2 protein chains.
Amino acid sequence: MPLNTIQKGDCAEIMRSLPKGSVDMIFADPPYNLQLGGELHRPDNSKVDACDDHWDQFSSLKTYDDFTREWLSAARDLLTDDGSIWVIGSYHNIFRLGTILQDLGFWVLNDIVWRKANPMPNFRGRRFTNAHETLIWAAKSEKSKYRFNYDAMKALNEDVQMRSDWFLPLCTGGERLKDDNGEKAHPTQKPEALLYRVLMASTLPGDTVLDPFFGTGTTGAVAKKMKRNWIGIDREDSYIKAATKRIAETKAEIDNDLLQTVSKREEQRIPFGWLIERGLLKPGAVLTDPKHEHTAKVGADGNLITDTADGGQQRGSIHRMGAAAQGAPSCNGWTYWHYRDGKNYQPIDNLRQKLRTELAKRPDTTGTEARTLQ
Amino acid sequence: MPLNTIQKGDCAEIMRSLPKGSVDMIFADPPYNLQLGGELHRPDNSKVDACDDHWDQFSSLKTYDDFTREWLSAARDLLTDDGSIWVIGSYHNIFRLGTILQDLGFWVLNDIVWRKANPMPNFRGRRFTNAHETLIWAAKSEKSKYRFNYDAMKALNEDVQMRSDWFLPLCTGGERLKDDNGEKAHPTQKPEALLYRVLMASTLPGDTVLDPFFGTGTTGAVAKKMKRNWIGIDREDSYIKAATKRIAETKAEIDNDLLQTVSKREEQRIPFGWLIERGLLKPGAVLTDPKHEHTAKVGADGNLITDTADGGQQRGSIHRMGAAAQGAPSCNGWTYWHYRDGKNYQPIDNLRQKLRTELAKRPDTTGTEARTLQ
DNA sequence: ATCACCAGTGAATCGGATG
DNA sequence: CCATCCGATTCACTGGTGA
């Protein structure tokens with residue numbers, strides 16, 4: 001795999017030449033097929049520098065669809081089974097992209113709206129200001145165990161779930177690459193903040209990220225900063241030259257420990273029985289629910305024991321017995337059951353956390369056991 | 001023309017029976033083809049009342065496409081040459097709708113994002129909160145002299161061009177129609193404010209507006225208020241009954257309350273993570289408290305990271321880590337934590353203020369940032 | 001009259017490991 | 001392939017009740 005390099009050529013062809021199932025995530029910013037008419041002027045009569053490059057011209061919708069199906073199909077084969085893809089577009093092409101993604105078997109996870117902080121106004125006053133672009137995030141298939149760093153996204157948003165509408169400025173000012181004449185090097189350079197969020201959401205450090213329409217290499221630059229491996233593909237020498245220089249000047253600046261995000265789901269599993277084995281809870285201890293409406297006794301084997309209405313007993317895991325007490329389909333026993341700590345009641349999750357901290361300090365003695373029991 | 005009545009039956013069939021070129025605008029809220037799996041429960045174990053009605057079930061994407069092509073084709077013939085159509089959908093169906101619209105010769109004018117003020121969260125934490133729906137506004141053809149009430153839209157928006165992202169609350173409370181059992185009469189009733197803006201943008205009083213998926217008749221009720229003629233089509237007796245009653249009780253008067261967009265909040269919320277995404281702070285930057293007694297490092301996800309006495313690490317939001325450092329129950333992390341600016345230390349609140357000023361320069365007037373600029 | 005608290009709810013493609 | 005079990009997971013808003 002040609003990691004951390006730019007390949008020159010047709011992206012479908014090059015993707016077909018790489019080993020199948022070898023890429024964790026693909027970010028694609030394909031031609032939008034804008035179909036612009038004549039020139040557009042601002043109210044002050046200055047001319048709008050539109051995207052009229054040859055690579056954005058297609059003779060018909062069918063030509064665009066064929067082109068799209070070709071590269072998306074190659075992209076799908078390149079992804080690992082649990083990989084995912086991001087594509088970005090506007091109303092000119094996003095419906096074609098979305099339809100073909102679905103037809104090829106991709107499973108759409110979200111459509112994301114990039115709300116532009118500073119869009120170009122509609123100078124003619126004939127439509128609404130086109131103030132957003134759309135990203136589609138899709139897994140390779142319905143069965144994929146795609147990666148989503150939920151906790152990182154929540155943390156980025158001050159502990160509130162990240163929504164499907166993102167408000168970010170355009171790429172302007174110093175971030176915008178210029179060519180030797182001081183003109184913008186690429187007509188549609190995307191802001192790094194957009195890629196930062198995409199990479200943070202759906203990849204891990206060390207993952208391989210491919211961008212088939214690399215342009216000025218925003219994906220590569222952000223991937224390098226965030227210690228993801230990247231592969232870029234483009235057909236234009238001028239873009240490859242600009243991207244190469246840009247990425248060479250970019251440092252992998254973020255430390256490993258800073259790149260880590262914690263997810264409860266990925267923490268070490270602690271069976272309830274370990275609390276008893278290690279004396280954090282004694283057999284016979286009485287647990288209650290938060291409202292003190294139900295009680296259960298701790299059995300020596302890690303089961304809980306409750307008395308039933310008919311004078312019998314019931315036993316089961318902390319989760320099963322919590323669900324039964326509430327008449328609910330499921331229950332997180334760790335947060336439901338509380339133990340007595342002096343005059344207060346604490347969730348048994350506190351004991352789990354305590355044990356987890358201890359185990360982390362002594363990885364040599366307990367690590368193997370913990371790992372094998374996971 | 002059966003103006004201001006509801007027709008019962010298949011919408012494509014009924015549209016074919018009406019005179020061609022006789023309708024000025026069509027608003028369509030077709031089935032979304034959600035393809036839901038099993039049941040979904042909230043964290044409190046209550047069940048989500050999903051949209052699982054028979055009319056939303058299609059056996060395949062092809063079946064859905066055939067259905068869509070059929071009614072959109074009939075709709076196109078029904079429009080005047082200068083007429084336009086609005087369709088609404090989610091990522092499940094909007095790409096199919098958009099592709100078929102384009103294939104039939106409709107000319108897309110805008111895609112509009114309805115950002116929901118109060119969407120349902122993602123309960124499992126597996127994706128981004130699906131916080132918007134998409135509307136497509138299209139003219140009958142590229143040559144259409146479609147109607148767009150530019151000045152009305154600008155006036156609605158405090159004299160700034162209306163953007164393509166609209167921030168509106170869901171239809172809840174008193175506006176939501178209930179059946180005889182007190183249950184919601186329709187699973188997906190749209191808010192009147194949404195229809196108000198659509199009608200205000202693209203029709204004139206006296207115009208004829210048709211809704212082929214009439215449901216509880218929101219389109220008819222708002223059209224009546226705004227003195228547009230309306231035609232509704234639906235297949236379900238229960239919806240027709242509810243819509244008939246609703247429109248009979250609606251008066252043909254323009255309700256000024258509807259004119260208002262959701263009021264702006266005083267200040268927009270800036271998550272700490274935005275400073276990192278936008279490069280105002282780098283991951284790894286060291287923050288200190290005003291007395292330089294505590295330090296914390298900035299994580300890539302917007303959490304702060306501190307070293308604990310026992311050699312471990314702790315992470316959390318700026319507020320939580322500020323509280324922990326002081327042993328206080330709460331803390332305003334924005335004023336507590338300081339970053340190094342040359343030789344001086346400045347509260348990170350300065351960076352927030354800087355970003356806020358930048359954002360304020362480009363006010364998102366359409367819609368109120370509320371808590372969710374995102 | 002006001003406030004605090006609780007319950008309910010909205011177009012939702014909402015697990016993963018183990019046996 | 002399927003069954004079983006563990007255990008992680010929610011935001012904004014409305015309306016009712018009781019102090």
Side-chain angles (χ1 to χ4, degrees), chain A residues 82 102 106-111 138-139 141-146 148 150-151 154 157 159-164 263-267 269-272 302 316-320 322-323 328-337 348-349 352 373-374, chain B residues 29-53 55-58 61 88-94 114 116-134 169-176 182-184 186-191 213 215 262 370-372 374:
Chain A
D82 295 338
Q102 290 177 317
F106 283 103
W107 192 243
V108 177
L109 300 169
N110 278 114
D111 58 334
S141 79
E142 186 177 354
K143 306 288 176 208
S144 296
K145 293 177 177 134
Y146 58 88
F148 178 52
Y150 174 75
D151 300 278
K154 194 169 171 176
N157 197 38
D159 285 338
V160 181
Q161 274 192 354
M162 185 82 81
R163 298 171 36 125
S164 56
S263 160
K264 274 194 183 176
R265 282 195 182 87
E266 287 161 333
E267 277 187 298
R269 199 176 77 85
I270 309 270
F272 177 66
S317 72
I318 53 172
H319 311 297
R320 188 110 71 94
S330 72
C331 168
N332 184 343
W334 290 108
T335 52
Y336 181 75
W337 294 110
I348 56 176
D349 202 31
R352 178 171 65 160
L373 281 175
Q374 268 188 64
Chain B
D29 180 14
Y32 285 14
N33 188 24
L34 286 185
Q35 307 171 62
L36 302 177
E39 294 185 348
L40 178 64
H41 293 89
R42 301 165 200 271
D44 67 2
N45 275 321
S46 65
K47 189 175 158 238
V48 172
D49 181 19
C51 176
D52 54 1
D53 301 72
W55 49 255
D56 198 51
Q57 317 282 335
F58 292 80
L61 286 174
I88 181 166
S90 64
Y91 66 83
H92 309 83
N93 69 326
I94 197 69
W114 168 27
K116 300 180 185 183
N118 45 348
M120 195 189 297
N122 185 294
F123 295 118
R124 303 298 292 263
R126 302 297 304 168
R127 303 181 178 191
F128 297 96
T129 306
N130 193 358
H132 73 277
E133 294 188 22
T134 303
L170 296 174
C171 178
T172 59
E175 192 187 319
R176 191 83 193 221
E183 308 283 321
K184 57 187 178 194
H186 191 283
T188 71
Q189 184 181 342
K190 295 294 175 288
F213 305 95
V262 179
R371 284 175 48 79
T372 42
Q374 288 279 338

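Residue numbers start from 1 in every chain, and the chains themselves are labelled A, B, ... in the order their sequence lines are given, proteins ahead of strands. Because the structure is a prediction, the values reported are computed rather than measured. We use all heavy atoms of the structure for the numbers below, so side chains are in, but hydrogens, waters and symmetry mates are not.
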Can you tell me if the side-chain N/O atoms of B:Lys184 get under 4.0 Å from OP1 or OP2 in C:dT9? no
For the side chain of B:Arg42 and the base of C:dG10, is some donor closer than 3.5 Å to an acceptor across the two? yes
Distance test, side-chain N/O of A:Arg269 to OP1/OP2 of D:dG7, below 4.0 Å: yes
Short side-chain N/O contact from A:His319 to OP1 or OP2 of D:dG7, under 4.0 Å: yes
Just checking B:Arg126: base, sugar-phosphate only, or nothing, at a heavy-atom cut-off of under 4.0 Å? sugar-phosphate
I want to check one thing: is the phosphate of D:dT10, taken as OP1 and OP2, less than 4.0 Å away from some side-chain N or O of A:Lys154? yes
Of B:Thr172 and A:Arg320, the one whose closest DNA chain D nucleotide lies more 5': A:Arg320
Return the nearest nucleotide to the side chain of A:Arg265; candidates are C:dT13, D:dT9, C:dG10. D:dT9
Looking only at side-chain N and O atoms, does B:Asn130 come under 4.0 Å of OP1 or OP2 in C:dT13? yes
When you check the side-chain N and O atoms of B:Glu133 and B:Ser90, is any donor under 3.5 Å from an acceptor? no
Side-chain N or O of A:Tyr150 closer than 4.0 Å to phosphate OP1/OP2 of D:dT10: yes
Going through the checks in order, is the ring pair (Phe, Tyr, Trp, His ring centres under 6.0 Å) test met by B:His92 and A:Trp107? CA-CA 10 Å; B:His92 309 83; A:Trp107 192 243; 8.7 Å; no
Ignoring backbone atoms, establish whether A:Arg352 has a side-chain N or O less than 4.0 Å from OP1 or OP2 of D:dA8. yes
Using a 4.0 Å heavy-atom cut-off, does B:Ser90 contact any base of the nucleic acid, only the sugar-phosphate backbone, or nothing at all? nothing
Under 3.5 Å, is there an N or O donor on one side and an acceptor on the other linking the side chain of B:Arg127 and the base of C:dT13? yes
Does B:Arg176 CZ have over 12 foreign heavy atoms under 6.0 Å away? yes
With hydrogens left out and only the distance checked, is there a donor-acceptor pair under 3.5 Å joining A:Ser330's side chain and the base of D:dA8? yes
